[in-house]
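Report on one structure; see the data block that follows.
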Amino acid sequence: MQQDLILCGRVLAFVASPFDAAGPEAAVAWHEALAVRAGKIVGLGTRTALRRAFPEAELVDHGDRVILPGFVDAHVHYPQTGIIASWGKRLIDWLNTYTFPEEMRFGDAAYAAEVAARYLDLTTACGTTTVASYCTIHPESVEAIFAEAQRRGQRLVAGKTCMDRNAPEGLRDTVQSAHDGSAALIARWHGVDRLTYAITPRFSPTSTPEQLEALGALWANNPTCLMQTHLSEQLDEIDWVRGLFPTARDYLDTYEAHGLLREGAVFGHAIHLEPREKDRLREVQASLVHCPTSNTFIGSGLFDMGGLMAAGHRIGLATDTGGGSSFSMLRTMAAAYEVAQLRGTPLHGAQLLWLATQGSAMALGLDDRIGTIAVGMEADLVVLDLASTPAIAQRATRAGDIWEAIFPTLMMGDDRAIAEVRIAGRKAH
Ligand code: GUN
Ligand code: ZN
């Protein structure tokens, strides 16, 4: 049994969405301390009150460090860890040149296990406690990441990436093997410990209509699974989809027509959306995932956070490793800020932190368990040092308030700013 724990510091708790009318700062309540018992948050308040309520607890004092929910990265490809930051290609040739050759290696269970462990080490060091990952077509790649997350007691979403066309030999499954392979992995992993299965057609260009249909049927039979895929990332890709699905009304319709659009659908990128697509996505409350370092790195475009949030969309934030150029959600928040600036709608620090925690948790339907600090939530926590480098420290000392003190770390921080990470209350970093 884990010993009770009290963490003291500047504890940030969201009491509302910082995108709501009351304003970003009004969405946050600050506390002196939180208490953890058996992996869950059981108290929030003053140090004295929690000491009185939990007299036997171990007390860790983080001084003026900020205690946040662990970061939730809502769209990643863990098999692309080894090819992150590959130079000079756009989406389709980037996939063909770098991604597909690397993904071909994941039929080797030992290689998959080694990369899965390396990936979770790297992301934990960045303060990320939950990811939603694509795997490869190989069941071995799914086994590897679920087994490693289970060993660490970590909450994680993953699924076998399905592709039965427009991918090289050795990286294609079939209608049947995509369905049956995914079904077997759902039976083995979905809902086990802290693990969630996401049915994962890679994107419409690499699935036949028959494969999309089979995965839609699988989702109908397994409604508590998530469904993750890509949508409207680059203009060339959208043209390609139009050619491959001549009767579809738009890109989203290629999913909708096959039972792959409802709440629980998680669409990566969603940059170049048509009005009908936006309306349908909002109506059904499907999730959109903003991947800003990827969208700038592969040259995809500028996600419309301001417009989509104001219209009532459900939106999370993600690295999209390895199309994204970082494992760090701090770096990702900085990129989200920069992209929003280019669109003329700057994001407040509270909004960036919310997107990286509760927003992403909501996008994955996990916000009743993770993504905010509140009694009853799972104790996945990150402790931020607001003076982790000399450059950040000299700026932070001039801050007039807490948000001015936090912002330099959001813009300039990296894994050095992550003072401590806890997964279900246990120290993970
Ligand atoms: N579209 C289809 N597959 C991928 C991928 O692996 N990365 C990105 N960024 N976009 C995709
Ligand atoms: Zn992706």
Side-chain angles (χ1 to χ4, degrees), residues 73-106 115 119 123 131-138 141 145 157-168 171-173 198-207 211-212 215 226-241 244 251-252 254-255 260 265-272 287-303 316-327 332 335 339 360 363-364:
D73 189 342
H75 178 125
V76 313
H77 300 254
Y78 96 83
Q80 297 170 14
T81 296
I83 57 129
I84 192 168
S86 292
W87 184 84
K89 306 283 188 208
R90 293 174 75 93
L91 179 60
I92 309 302
D93 55 339
W94 174 84
L95 286 171
N96 287 318
T97 311
Y98 301 120
T99 308
F100 289 161
E102 176 63 12
E103 291 193 7
M104 244 177 274
R105 303 177 65 182
F106 284 72
V115 178
Y119 173 78
T123 47
V131 304
S133 187
Y134 291 59
C135 300
T136 67
I137 66 153
H138 313 97
S141 71
I145 191 84
V157 178
K160 171 187 138 59
T161 296
C162 300
M163 301 198 270
D164 68 343
R165 64 167 163 176
N166 294 319
L171 210 52
R172 290 193 303 269
D173 51 16
I199 294 167
T200 309
R202 180 179 215 114
F203 65 157
S204 291
T206 49
S207 288
Q211 185 174 75
L212 295 176
L215 294 175
L226 295 170
M227 191 291 298
Q228 58 181 353
T229 191
H230 297 86
L231 178 66
S232 292
E233 181 177 0
Q234 292 208 340
L235 298 175
D236 290 357
E237 170 207 10
I238 296 168
D239 283 343
W240 193 21
V241 169
L244 289 169
Y251 196 159
L252 184 66
T254 65
Y255 299 122
L260 295 170
V266 183
F267 294 101
H269 304 283
I271 301 168
H272 311 283
S287 302
L288 311 181
V289 184
H290 180 27
C291 307
T293 72
S294 172
N295 296 344
T296 53
F297 186 77
I298 323 186
S300 303
L302 305 178
F303 182 85
L317 186 67
T319 59
D320 189 31
T321 299
S325 52
S326 177
F327 295 98
T332 303
V339 168
S360 282
L364 300 175

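Whatever order the structure lists ligands and atoms in, that order sets their numbers, starting from 1. Worth saying up front: this structure is predicted, and the values here are computed from it rather than measured.
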Has D173 got a side-chain atom pairing as donor or acceptor with I137's backbone, closer than 3.5 angstrom? no

State, yes or no, whether a side-chain contact exists between E237 and S204 at a heavy-atom distance under 4.5 Å. no

Under 4.0 Å from one or more heavy atoms of F203, ligand 1 contributes atoms 1 (N), 2 (C)

Could an N or O of ligand 1 be found under 3.5 Å from any N or O of E233, whether backbone or side chain? yes

Does W94 have a non-hydrogen atom less than 4.0 Å from ligand 1? yes

Any side-chain heavy-atom pair of L91 and D236 under 4.5 Å: no

With no hydrogens and no angle check, do the side chains of Y98 and Q80 hold a donor and an acceptor under 3.5 Å apart? no

Less than 4.0 Å is my threshold; does some heavy atom of H269 fall inside it relative to ligand 1? yes

Geometric class of the Y119/Y78 ring pair [parallel <30°, tilted 30-60°, perpendicular >60°]: tilted

So do the side chains of N96 and K89 get within less than 4.5 Å of each other, counting heavy atoms only? no

Y134 vs H230 aromatic rings, parallel, tilted or perpendicular, using cut-offs 30° and 60°? tilted

Below 4.0 Å, non-hydrogen atoms only: which portion of I298 touches ligand 1? Side chain, backbone, both or neither. side chain

For the student: nearest non-hydrogen atoms of G299 and R90, plus distance: O-NH2, 2.6 Å

Considering both backbone and side-chain atoms of Q80, is one of its nitrogen or oxygen atoms within less than 3.5 Å of a nitrogen or oxygen in ligand 1? yes

In the structure I gave you, are the side-chain heavy atoms of F267 and T229 within less than 4.5 Å of one another anywhere? yes

Nearest non-hydrogen contact with atom 11 (C) of ligand 1 belongs to which option: H230, Q234, E103? H230

Quick note on ligand 1: atoms under 4.0 Å from a heavy atom of L91 include exactly 1 (N), 8 (C), 10 (N), 11 (C)

For atom 3 (N) of ligand 1, which protein heavy atom lies nearest, and how many Å away is it? R202 NE, 2.7 Å

Given side chains that start at C-beta, do those of F327 and T319 come closer than 4.5 Å, heavy atoms only? no

Checked the Zn ion (ligand 2): protein N, O or S atoms closer than 2.8 Å come out as H75 NE2, H77 NE2, H230 NE2, D320 OD1

For D320, the atoms of ligand 1 under 4.0 Å from one of its heavy atoms are 8 (C), 9 (N)

Distance col, row L171:CG vs T206:OG1, nearest 0.5 angstrom, shows 9.5 Å

Atoms of ligand 1 less than 4.0 Å from H77 heavy atoms? 5 (C), 6 (O), 7 (N)

